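Here is the structure we will look at.
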Amino acid sequence: MKRTKIKDILKNEESGYQVNVKGWVRSFRNNQFIAINDGSCMGNIQAVISLETDPEIVKNITTGASLSIDGTVIPSLGKGQKVEIKVDSITILGLCNTEEFPLQLKNKPSLEYLREIAHLRFRTNTFGAVFRVRHTLAYAIHKFYNDRGFVYMHTPIVTASDAEGAGEMFCVTTLPINNPPRNEDGEVNYKEDFFGRCTNLTVSGQLEAELGAMAFSEVYTFGPTFRAENSNTARHLAEFWMIEPEVAFNDIVDNMDLAEDFIKYVIAYALEHNREDIEFLATRLVDEEKQKPMNERSEMGLVEKLEFVLNNSFDRITYTEAIEVLLNSPHYKKKKFQYDVKWGIDMQSEHERYLVEKHYKKPVIVTGYPKDIKAFYMRQNDDGKTVAAMDILVPGIGELVGGSQREERLDKLTQRMNEMHIPTDEMYWYLDTRKFGTVPHAGFGLGFERLVLFVTGMTNIRDVIPFPRTPKNAEF
RNA sequence: UCUUCCUUAGCUCAGUUGGUUAGAGCAUCUGACUGUUAAUCAGAGGGUCCCCCGUUCAAGUCGGGGAGGGAGAGCCA
């Protein structure tokens, strides 16, 4: 018989038909009641076996074992579920030795412990929900851009471009690490390396995406990026996924509109299609926050927070206004900021958090940053001091999006590159876009895992990517 | 990389002023159980108290060093 997904049985609530179900045992009670989960949804189906079932089989129905069950869907005789399966025949597909199985669901294992058994943690309610939501968000991202006529562009993972200077990079080489070939001056001779030059894992697909935008008008990338920074925080990974749309003919305001529409679209899509998972994560969050003192708990539940974001427009302020808000804040006057506030600073997390969590209490888009704290490719404003950059700051996460209108004027761009000591000769291919039919254009980058954090209410980024890569950790 | 907290049974945690044989709940094992919902009931087994060095008659407990983890910070997405 063809397998039926548990999600479909639970959803249509009908009874009186034969099914085959396959999945893993979540619990087995009273020698009769098997709670089976196949990952298709949060819920388990209850399969009821007869007390005359072969004791050899009953013995092997243990938490974690995999089963195939044939039976009839009937209205449940007990409370707690509408339908259940009356089992006709049962096959153990894979045994699970309970003495060795490290996942004891009844103990509510900590997230930290589950991280150590990341290969098994998908079998918990929490991680099941997180990774179903992650999938839905990824799908919604492609759907959003596809529906708007964007071309999904695959930018390279291995790159020779180190121009952006967006942090430390991982070197990609096939040279022997102990004894690499060297030039006369003692430097490693990359001419003998696989690509004939020094190559790295990409830190961003933006520059390549700009090349695509100069032909397709609107493109986006969605792929892995790598940073070899020694950052040990709940918001950083060495390997993470980033979405980077790039749109020709867009200015900074179009860019903000796109980013806001995009974020709202994917949140709405997840709320619609993974309501049950998000509601479970919401109760999980409430439980977790019970450990915290009152003043550190969230004011809104997870679902309310997401709906609030959907139903309110993001506040849009300039960097200059943001600094004024900070300078006029009671927090500043009581000298509660650790870092000084004045025009020209690169705002610290404490400043961003104050703006977004205490002052505006919703997502905020900050534009017009000082040019000296931003990248070379951002378009210079007429004031000569600021650039058309935009960051979207979100409660609990900080910077979710960073983007800008790009500098499309060749002379201004090369001048800025020279000032910042970026080699224009190596970047000829990038500058060619400005030489041959340049147009105003804009784009942004959104860290996928930070989006997943926001939507799931999880607080550590290692818990929203299946196999996190962080300093000193690449197991599994 | 910095600050700070933590590390005791498979998991989550108690452990008093340094003092006999280190405890609990859950999990596991054995048995019971014809409607359970984190099933329940009875019994049993289970410890390199993170590692090293030191103080002491005596260290899970005190001191120093190291490792691992959490939270915050820097950098950023």
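Keep in mind that the numbers below use all heavy atoms, side chains included, and drop hydrogens, waters and symmetry copies. We name chains A, B, ... by the order of the sequence lines, and we start the count at 1 in each one. None of these values were measured; they are calculated from a predicted model.
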Interatomic distance at P, B:A27 relative to B:C11, whole Å: 15 Å
Sugar-phosphate only, base, or nothing, as touched by A:T63 at under 4.0 Å among non-hydrogen atoms: nothing
Parallel, tilted or perpendicular: ring planes of A:Y354 versus A:F337, cut at 30 and 60 degrees: perpendicular
A:R26 CZ to B:U36 C1', straight-line distance once rounded to whole Å: 18 Å
P gap between B:U36 and B:C41, integer Å: 14 Å
Could you list all N or O pairs between the protein and nucleotides 33-35 of chain B that sit under 3.5 Å apart?
residue: B:C33; atom: O2; partner: A:N30; partner atom: OD1; Å: 3.0
residue: B:C33; atom: N4; partner: A:N31; partner atom: ND2; Å: 2.6
residue: B:G35; atom: N1; partner: A:E84; partner atom: OE2; Å: 2.8
residue: B:G35; atom: N2; partner: A:Q46; partner atom: NE2; Å: 3.4
residue: B:G35; atom: N2; partner: A:G78; partner atom: N; Å: 3.2
residue: B:G35; atom: N2; partner: A:E84; partner atom: OE1; Å: 2.5
residue: B:G35; atom: N2; partner: A:E84; partner atom: OE2; Å: 3.2

Plane angle bin for A:W343 and A:Y319 - parallel if under 30°, tilted between 30 and 60°, otherwise perpendicular: perpendicular
Side chain to side chain, A:I263 and A:L400, heavy atoms closer than 4.5 Å: yes
Whole-angstrom distance between B:C6 and B:G65, as gauged at atom P: 16 Å
Donor-acceptor contact present, side-chain A:R26 to main-chain A:R123, <3.5 Å: yes
C1'-based separation of B:U17 from B:G74 [nearest Å]: 43 Å
Heavy-atom side-chain proximity of A:E84 to A:I74 below 4.5 angstrom: yes
Spacing between A:D463 atom CG and B:G69 atom C1', to the nearest angstrom: 13 Å
Phosphate-side-chain proximity, A:R235 and B:C75, N/O vs OP1/OP2 below 4.0 Å: no
Aromatic ring pairing A:Y339/A:H351, orientation class (parallel under 30°, perpendicular over 60°, tilted between): perpendicular
Integer angstrom distance from the P of B:C29 to that of B:G45: 16 Å
A:R353 side chain near B:A73 phosphate (N/O to OP1/OP2, under 4.0 Å): yes
Any N/O donor-acceptor pair, A:S231 side-chain to B:C76 base, under 3.5 Å: no
Separation of atom CD in A:E350 from atom P in B:C76, rounded to whole Å: 16 Å
Donor-acceptor pair, side chain of A:S40 and main chain of A:K7, under 3.5 angstrom: yes
Test ring pair (Phe, Tyr, Trp, His ring centres under 6.0 Å) applied to A:Y145 and A:Y152, A:F222, A:Y265, A:Y220, the passing residue: A:Y220
Side-chain N or O of A:R462 closer than 4.0 Å to phosphate OP1/OP2 of B:G69: no
Salt-bridge present (A:K336, A:E350; N to O < 4.0 Å): no
Watson-Crick and G-U pairing of RNA chain B written in dot-bracket, each distance under 3.5 angstrom, with | for inter-strand partners: (((((((..((((.....[...)))).(((((.......))))).....(((((..]....))))))))))))....
Mutual orientation of the aromatic rings belonging to A:F444 and A:F262 [parallel < 30°, tilted 30-60°, perpendicular > 60°]: tilted
Residues that A:F122 engages under ring pair (Phe, Tyr, Trp, His ring centres under 6.0 Å), provided they are two or more places apart: A:F131, A:F467
Nearest-Å distance once atom P is located in both B:A42 and B:G25: 11 Å
Trace of the side chain to side chain contact (heavy atoms under 4.5 Å, CB included) decision for A:R29 with A:Q46: CA-CA 10 Å; A:R29 293 181 290 269; A:Q46 172 159 285; 3.4 Å; yes
Within residues 331-349 of chain A: residues closer than 4.0 Å to RNA chain B (heavy atoms): A:Y339, A:D346, A:Q348, A:S349
Rounded distance (Å) that lies between atom C1' of B:G72 and atom CD1 of A:I461: 16 Å
A:N232 side chain near B:A71 phosphate (N/O to OP1/OP2, under 4.0 Å): no
Nucleotides 9-12 of chain B: which of its N/O atoms have a protein N/O under 3.5 Å away?
residue: B:G10; atom: N2; partner: A:Q104; partner atom: OE1; Å: 3.1
residue: B:G10; atom: N2; partner: A:N107; partner atom: ND2; Å: 2.7
residue: B:G10; atom: N3; partner: A:Q104; partner atom: OE1; Å: 3.3
residue: B:U12; atom: OP1; partner: A:S110; partner atom: OG; Å: 2.9

Distance in angstrom units between A:K374 NZ and B:C75 P, rounded: 12 Å
Phosphate contact (B:C29 OP1 or OP2) by A:T98 side-chain N/O below 4.0 Å: yes
Spacing between A:L105 atom CG and B:U28 atom P, to the nearest angstrom: 10 Å
C1' atoms of B:A59 and B:U20, separation to the nearest Å: 15 Å
B:U8 to B:U34 separation - C1' atoms, rounded to the nearest Å: 43 Å
4.5 Å side-chain heavy-atom contact, A:L67 and A:T91: no
Show which side-chain atoms of residues 355-368 of chain A pair as donor or acceptor with protein atoms under 3.5 Å away, not counting sequence neighbours.
residue: A:E357; atom: OE2; partner: A:G396; partner atom: N; Å: 2.8
residue: A:K362; atom: NZ; partner: A:S313; partner atom: O; Å: 2.9
residue: A:T367; atom: OG1; partner: A:I317; partner atom: O; Å: 3.4

Sugar-phosphate, base or nothing in reach of A:L400, heavy atoms under 4.0 Å: sugar-phosphate
Whether A:Y139 and A:Y269 hold their rings parallel, tilted or perpendicular, with breakpoints at 30° and 60°: tilted
